[in-house]
Amino acid sequence: MAIANPLRVDLHTHSTASDGEHAPAELVRLALERNLNVIALTDHDTCDGIDAAIAAARDTSLTVIPGVELSCDVPQGEVHVLGYFIDWHDAHLQSMLVKFRDGRFGRAEKMTKKLAALGVPISFERVREIAGDASIGRPHVAQALLEAGHVANVTEAFDKYIGRTGPAYVERFRLTPEDAVTLILQARGVPVLAHPREVTNWVEPMVKCGLLGLEVHYGMYDDNTRSELARIARQFGLIATGGSDFHGLNKMAHMSALGEVNVPPQVVDKLKSKAASLRMN
């Protein structure tokens, strides 16, 4: 008897709803081309692409998990929290995401003013054009700096001007990692700490607030890192998730390609089961 091929899974992807290169429907098409069975759409601080992705995947072999990636500022940098099987129409979640987006809009405008004062002017209107329908973020400011010839690449834009210690950096509306976990749980989703290698000190306090997973199988990590993260996941009883953090064919070329990370397919059932139990409580 032939053995069925295991599911091919990617639980960390982005679309043009945040800072990805491909529209949700295009992301679905790429996933189908790569023979993926399950993807999670986890755009930064927005759920705006979920309906379109689910619609595009309807009547295909692909399942789209509704997700989000919340960005949190902490003293040493940033912590990102993924939410899986969220109720993306939840009123409280949506109100908080609107607050994020409003904060990003004002933040980007303040950055352009600081850049002008530094002698590297860019147009805020151009930043908005680059962002399109996506939530405005620093990558769009960086792209405007690159277009204007002020930097040689996006990395230089962050290092020289808009990184956390840069002269044009502007603080944004702040959400703590614990708050992010709570927000995802309130939306009946499963909270997972994203790409956690540099922020494993946050695992324990986040577990106390309800963290349920750890992104172990991440594209940028070597086997030793994955083994250590798997150990931490076992220690705290967390679901070991994973994904490529795919932003596009041409964006973030150093990152893994869509579906390239070997994510154990049983992770999907574990997340789904946990989400179902949360809805029963």
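In this chain, numbering begins with 1 at the start of the sequence shown. Values reported hereafter were calculated over all heavy atoms of this structure, with side chains retained and with hydrogens, waters and symmetry mates removed.
- Considering only heavy atoms from C-beta on, Met206 comes within 4.5 Å of Val81 through its side chain.
- Heavy atoms only, all atoms of each residue included: Gly243 and Val263 are closest at N-CG2, 3.8 Å.
- Put simply, the side chain of Glu260 never gets that close to the backbone of Gly219: no donor and acceptor are under 3.5 Å apart.
- Using a distance-only test at 3.5 Å, with no hydrogens or angles considered, no donor-acceptor pair links the side chain of Ser273 to the main chain of Asp269.
- Counting non-hydrogen atoms of neighbouring residues, nucleotides and ligands closer than 6.0 angstrom, the CG atom of Asp59 reaches no more than 12 such neighbours.
- Residues Glu78 and His195 bring no donor and acceptor atom of their side chains to less than 3.5 Å of each other.
- Take Tyr221 and apply the ring-ring contact (aromatic ring centres under 6.0 Å, His included) test, not counting sequence neighbours, and it matches Tyr218.
- By the 4.5 Å heavy-atom criterion applied to side chains, Phe105 and Arg128 are counted as neighbours.
- Summarising the local packing, CG of Asp51 is surrounded by more than 12 heavy atoms from other residues, nucleotides or ligands at distances under 6.0 Å.
- The structure places CG of Leu82 at 10.5 Å from CG of Leu214, a figure rounded to the nearest 0.5 Å.
- The number of heavy-atom neighbours closer than 6.0 Å to NZ of Lys274, taken from other residues, nucleotides and ligands shown, is 12 or below.
- Between the Asp10 side chain and the Ser244 main chain, a donor and an acceptor come within less than 3.5 Å of each other.
- Leu115 places a side-chain heavy atom less than 4.5 Å from the side chain of Val141.
- Checked by atom type, the side-chain pair Asp179/Thr182 shows no donor-acceptor distance below 3.5 Å.
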Go through the steps to decide whether His217 and Asn262 satisfy the test side chain to side chain contact (heavy atoms under 4.5 Å, CB included), and finish with yes or no. CA-CA 7 Å; His217 309 282; Asn262 184 23; over 6 Å; no
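- Asp245 places no side-chain N or O within donor-acceptor distance of the main-chain N or O of His12, the cut-off being under 3.5 Å.
- The side-chain heavy atoms of Leu212 and Leu278, taken from C-beta on, include a pair separated by under 4.5 Å.
- Between Val64 and Ala57 the shortest heavy-atom distance is CG2-CB, 3.7 Å.
- A donor-acceptor pair under 3.5 Å is absent between the side-chain atoms of Ser71 and the main chain of His80, judged by distance alone.
- Qualifying ring-ring contact (aromatic ring centres under 6.0 Å, His included) partners for Phe236, counting only residues two or more places apart in sequence or in other chains: none.
- The stretch residues 141-160 participates, sequence neighbours left out, in these side chain to side chain donor-acceptor pair (under 3.5 Å) pairs: Arg126-Glu147.
- Summarising the geometry of Pro191 relative to Leu211, their closest heavy-atom pair is O-CD1, 3.6 Å, with the distance given to 0.1 Å.
- Proximity of a side-chain donor or acceptor of Tyr161 to a complementary backbone N or O of Val151 within less than 3.5 Å is not detected.
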Let's go through Glu178 and Trp202 carefully: what are the C-alpha distance in whole Å and the side-chain angles of both, what is the deciding distance for side chain to side chain contact (heavy atoms under 4.5 Å, CB included) to 0.1 Å, and is it a yes or a no? CA-CA 9 Å; Glu178 296 94 336; Trp202 278 97; 3.3 Å; yes
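- Inter-residue side-chain proximity for Leu7 and Val268 is flagged as unmet; no heavy-atom pair is nearer than 4.5 Å.
- When every heavy atom of Pro66 is checked against every heavy atom of Ile50, the shortest pair comes out as CB-CG2, 3.8 Å.
- Atom OG1 of Thr112 sits about 6.0 Å away from atom CD1 of Ile122, to the nearest 0.5 Å.
- Results of the side-chain hydrogen bond (donor to acceptor under 3.5 Å, both in side chains) test with Tyr169 over Arg164, Lys114, Lys110 single out Arg164 as the only residue that passes.
- Note: the hydrophobic cluster containing Ile86 does not contain Val98 (ILVMFWY, side chain heavy atoms under 4.5 Å, direct or indirect links).
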For Leu258 and Glu33, what are the C-alpha separation, side-chain angles and deciding distance, and is it a side chain to side chain contact (heavy atoms under 4.5 Å, CB included)? CA-CA 10 Å; Leu258 183 65; Glu33 281 185 359; over 6 Å; no
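- Annotation: side chain of Ile39 is not in contact with side chain of Ile65 (no heavy-atom distance under 4.5 Å).
- Both Leu183 and Val74 belong to a common hydrophobic cluster when Ile, Leu, Val, Met, Phe, Trp and Tyr are linked at side-chain heavy-atom distances under 4.5 angstrom.
- In this structure a side-chain-to-backbone donor-acceptor pair under 3.5 Å is present from Arg138 to Ile162.
- Atom-to-atom distance recorded for Glu215:CD and Ile239:CD1 is 13.0 Å, nearest 0.5 angstrom.
- Nearest approach of Ala131 to Ile136, heavy atoms of both residues: CB-CG1, 3.7 Å.
- With rounding to the nearest 0.5 angstrom, the CG atom of Leu175 is 6.5 Å from the CG atom of Leu70.
- Distance CG/Asp45 to NZ/Lys99: 13.5 Å, rounded to 0.5 Å.
- Looking only at distances, a side-chain donor or acceptor of Arg107 sits under 3.5 Å from a matching main-chain atom of Val170.
- Using bins of under 30°, 30° to 60° and over 60° for the plane-to-plane angle, the ring pair His14/His44 lands in the parallel bin.
- Proximity of Leu193 to Leu238: side-chain heavy atoms (C-beta onward) are nowhere separated by under 4.5 Å.
- For Thr200 (side chain) and Pro196 (main-chain N/O), no donor-acceptor pair under 3.5 Å exists by modelled atom type.
- Of all heavy-atom pairs spanning Val9 and Pro265, the tightest one is CG2-CA, 4.0 Å.
- You'll find the side chain of Pro139 stays beyond 4.5 Å of the side chain of Val154, heavy atoms only.
- The hydrophobic clustering, which links ILVMFWY residues whose side-chain heavy atoms are closer than 4.5 Å, places Met220 and Ile232 together.
- Atom NE2 in His92 sits 9.5 Å away from atom CG in Leu97 (nearest 0.5 Å).
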Yes or no on side-chain hydrogen bond (donor to acceptor under 3.5 Å, both in side chains) for Asp222 and Thr225, after CA distance, side-chain angles and deciding distance? CA-CA 5 Å; Asp222 58 25; Thr225 300; 2.8 Å; yes
Assess the residue pair Leu41 and Ile54 against the criterion (side chain to side chain contact (heavy atoms under 4.5 Å, CB included)); give the C-alpha distance rounded to whole Å, side-chain angles, the decisive distance to 0.1 Å, and a yes or no. CA-CA 9 Å; Leu41 181 59; Ile54 290 176; over 6 Å; no
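- With hydrogens and angles ignored, the 3.5 Å screen pairs no side-chain donor or acceptor of Ser15 with any backbone N or O of Ala23.
- Connection of Met111 to Ile130 is not established within any shared hydrophobic cluster, with ILVMFWY side chains joined at heavy-atom distances below 4.5 Å, either directly or through further cluster members.
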